[in-house]
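Worth saying up front: this structure is predicted, and the values here are computed from it rather than measured. Below, each value reflects all heavy atoms present in this structure, side chains not excepted, and no hydrogens, waters or symmetry copies. Heads up: numbering here begins at 1 and tracks the sequence. First listed ligand is number 1; within each ligand, the first listed atom is number 1.
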Amino acid sequence: MSEEKVTTDIITLTRHVLDEQRKHKEASGDLTLLLNAIQLGCKFVATNVRKARLLNLIGLAGGVHNISGDEQKKLDVISNEIFINALRSSGKVAVMVSEENEEVIIVEEGLKGKYCVVFDPLDGSSNIDAGVNVGTIFGVYRVAEGSPGSVKDVLRPGNEMVVAGYCMYGSSANMVITVGNGVNGYTLDNSIGEFILTHPNITIPSRGKIYSVNEGNAKYWHEACEEYFHSLKFPPEGKNPYSARYIGSMVADVHRTFLYGGIFAYPADKKSKNGKLRLLYECFPMAFLTEQAGGKATTGYERVLDVCPEDIHSRCPIFLGSKDDVEDVEKIYKKYSK
Ligand SMILES: O=P(O)(O)OC[C@H]1O[C@](O)(COP(=O)(O)O)[C@@H](O)[C@@H]1O
């Protein structure tokens with residue numbers, strides 16, 4: 001019987017980022033420590049999501065609503081707390097924005113660092129009670145030169161973000177991250193509590209065969225949006241229609257789009273002028289990752305990363321995924337914008 005080969009040269013997320021940082025002589029290690037705090041949060045959430053029904057962490061937190069009017073789940077609340085505590089105590093963060101907090105969080109003197117972190121601690125939480133994949137989404141800015149660390153440091157276009165990532169909690173916990181030099185994926189090995197490099201250099205196929213959108217909103221779609229999705233379902237003679245896949249958890253739908261190609265969208269419509277998804281801690285990080293993986297992300301009319309948020313919970317329409325697919329969207333929207 002063949003002996004199982006034990007790998008001893010393990011590439012953990014921390015080691016991989018350190019290797020990357022070493023290429024940049026000026027690196028201080030602060031980013032690695034910040035990412036360690038984010039990793040701790042994700043490991044904590046991964047464990048509690050997995051044991052939620054056993055720990056009675058399923059269901060609502062008891063009549064508490066977040067800024068978007070969503071009633072908070074128990075897991076929303078504890079996920080939010082672990083990230084705020086881990087980021088604050090890392091000593092590397094000055095400003096935080098969470099989907100679960102109405103106001104921006106300014107870290108007190110003495111613990112203040114040079115980064116700002118915007119995050120959705122538990123995305124797709126409407127799916128949590130059904131055991132469907134959910135996730136954490138995060139983005140990182142540097143505090144602007146000479147700034148004491150204020151909300152102004154996060155009301156900036158997404159093209160100024162320096163790190164973005166998500167962690168998907170499903171059959172396994174998958175962390176996907178960019179520090180501005182391509183996209184890498186890591187899988188949590190629960191036996192040693194480390195994220196191990198499993199998906200190096202993720203590259204989105206230039207065109208896909210899958211579209212992912214909530215067609216339940218089709219009644220409210222603008223003509224450009226209608227024409228685009230119609231073109232995927234009723235292609236010209238000789239071409240196959242695209243398949244539809246929609247989980248309703250952005251992290252899960254985007255993760256599949258990164259690996260298989262195609263397009264994920266939450267467009268603006270006649271009911272919601274800017275769609276549903278939040279610019280700072282959903283659209284920007286996913287758009288940054290998409291572009292770093294060779295794809296594109298548009299509002300229909302402009303590059304998502306060039307949008308400047310008016311407030312910390314601004315919403316933004318988004319089409320992201322394979323470059324050729326998103327360019328088809330841009331062509332059609334351009335026709336209608338005229
Ligand atoms: O149910 P809808 O309207 O299709 O919205 C689903 C979208 O809303 C979200 O659940 C929003 O996220 P939250 O759960 O963080 O509020 C996304 O994950 C998902 O893509």
Asks: Please check whether Asn217 reaches ligand 1 - meaning an N/O of the residue sits under 3.5 Å from an N/O of the ligand, judged on distance alone.
Replies: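 Not met; the criterion fails.
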
Asks: Any chance the rings of Phe83 and Phe138 have centres within less than 6.0 Å?
Replies: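 For Phe83 and Phe138, the ring centres are not under 6.0 Å apart.
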
Asks: Classify the side-chain pair Asp306/Asn159 by whether it contains a donor and acceptor separated by less than 3.5 Å.
Replies: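 Asn159 and Asp306 do have a side-chain donor-acceptor pair below 3.5 Å.
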
Asks: Could you tell me whether the side chain of Leu31 reaches within less than 4.5 Å of the side chain of Leu35, counting heavy atoms only?
Replies: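 Counting from C-beta outward, Leu35 and Leu31 do come under 4.5 Å.
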
Asks: Below 4.0 angstrom from a heavy atom of Met250, which ligand 1 atoms are there? Numbered from 1 as shown, please.
Replies: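 Within the 4.0 Å cut-off of Met250, ligand 1 contributes 17 (C), 18 (O), 19 (C), 20 (O).
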
Asks: On a heavy-atom basis, which atom in Thr257 and which in Gly262 lie closest, and how many Å separate them?
Replies: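 Taking Thr257 first and Gly262 second, the nearest heavy atoms are CG2-O, 3.6 Å.
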
Asks: Quick one: which ligand 1 atoms are inside 4.0 Å of a heavy atom on Gly124?
Replies: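 Atoms satisfying the 4.0 Å criterion: 10 (O), 12 (O), 13 (P), 14 (O), 15 (O), 18 (O).
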
Asks: Would you mind running through ligand 1 and noting each atom that sits below 4.0 Å from a heavy atom of Asn214?
Replies: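 It comes down to these atoms of ligand 1: 2 (P), 3 (O), 4 (O).
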
Asks: Heavy-atom distance to atom 8 (O) of ligand 1: which of Lys276, Met286, Glu215 wins?
Replies: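 Looking at heavy atoms only, Lys276 sits closest to atom 8 (O) of ligand 1.
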
Asks: Need the ligand 1 atom indices (1-based, order shown) with element for anything under 4.0 Å from a heavy-atom of Glu282.
Replies: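 Listed by number with element: 11 (C), 12 (O), 15 (O).
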
Asks: Please walk me through it: do Tyr186 and Thr12 pass side-chain hydrogen bond (donor to acceptor under 3.5 Å, both in side chains)?
Replies: CA-CA 8 Å; Tyr186 310 82; Thr12 64; over 6 Å; no

Asks: Could you check which of Tyr246, Phe264, Tyr281 puts a non-hydrogen atom nearest to atom 6 (C) of ligand 1?
Replies: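 It is Tyr246 whose heavy atom sits nearest to atom 6 (C) of ligand 1.
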
Asks: Suppose I only count heavy atoms of Ser125 and a 4.0 Å limit; which atoms of ligand 1 are within that range?
Replies: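 Once the distances to Ser125 are compared, the set is 14 (O).
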
Asks: Are side-chain N/O atoms of Ser314 and Asn274 paired as donor and acceptor at under 3.5 Å?
Replies: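 No.
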
Asks: Relative to atom 19 (C) of ligand 1, which among Gly248, Gly216, Ser272 owns the nearest non-hydrogen atom?
Replies: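 Minimum heavy-atom distance to atom 19 (C) of ligand 1 goes to Gly248.
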
Asks: Enter the distance from Ile263:CD1 to Thr290:OG1 here, rounded to the nearest 0.5 Å.
Replies: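 If we round to the nearest 0.5 Å, Ile263:CD1 and Thr290:OG1 are 10.5 Å apart.
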
Asks: Report the member of Asn127, Asp76, Asp123 with the shortest heavy-atom distance to atom 9 (C) of ligand 1.
Replies: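 It is Asp123 whose heavy atom sits nearest to atom 9 (C) of ligand 1.
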
Asks: Atoms of ligand 1 less than 4.0 Å from Asp120 heavy atoms?
Replies: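 That gives atoms 15 (O) of ligand 1.
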
Asks: Considering only heavy atoms of Arg278, which atoms of ligand 1 have at least one such atom less than 4.0 Å away?
Replies: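 Here the atoms of ligand 1 in question are 11 (C), 12 (O), 13 (P), 15 (O), 16 (O).
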
Asks: Ignoring hydrogens and angles, state whether a donor on the side chain of Asn217 or Tyr266 is under 3.5 Å from an acceptor on the partner side chain.
Replies: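 There is such a pair (donor and acceptor under 3.5 Å, judged by atom type) between the side chains of Asn217 and Tyr266.
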
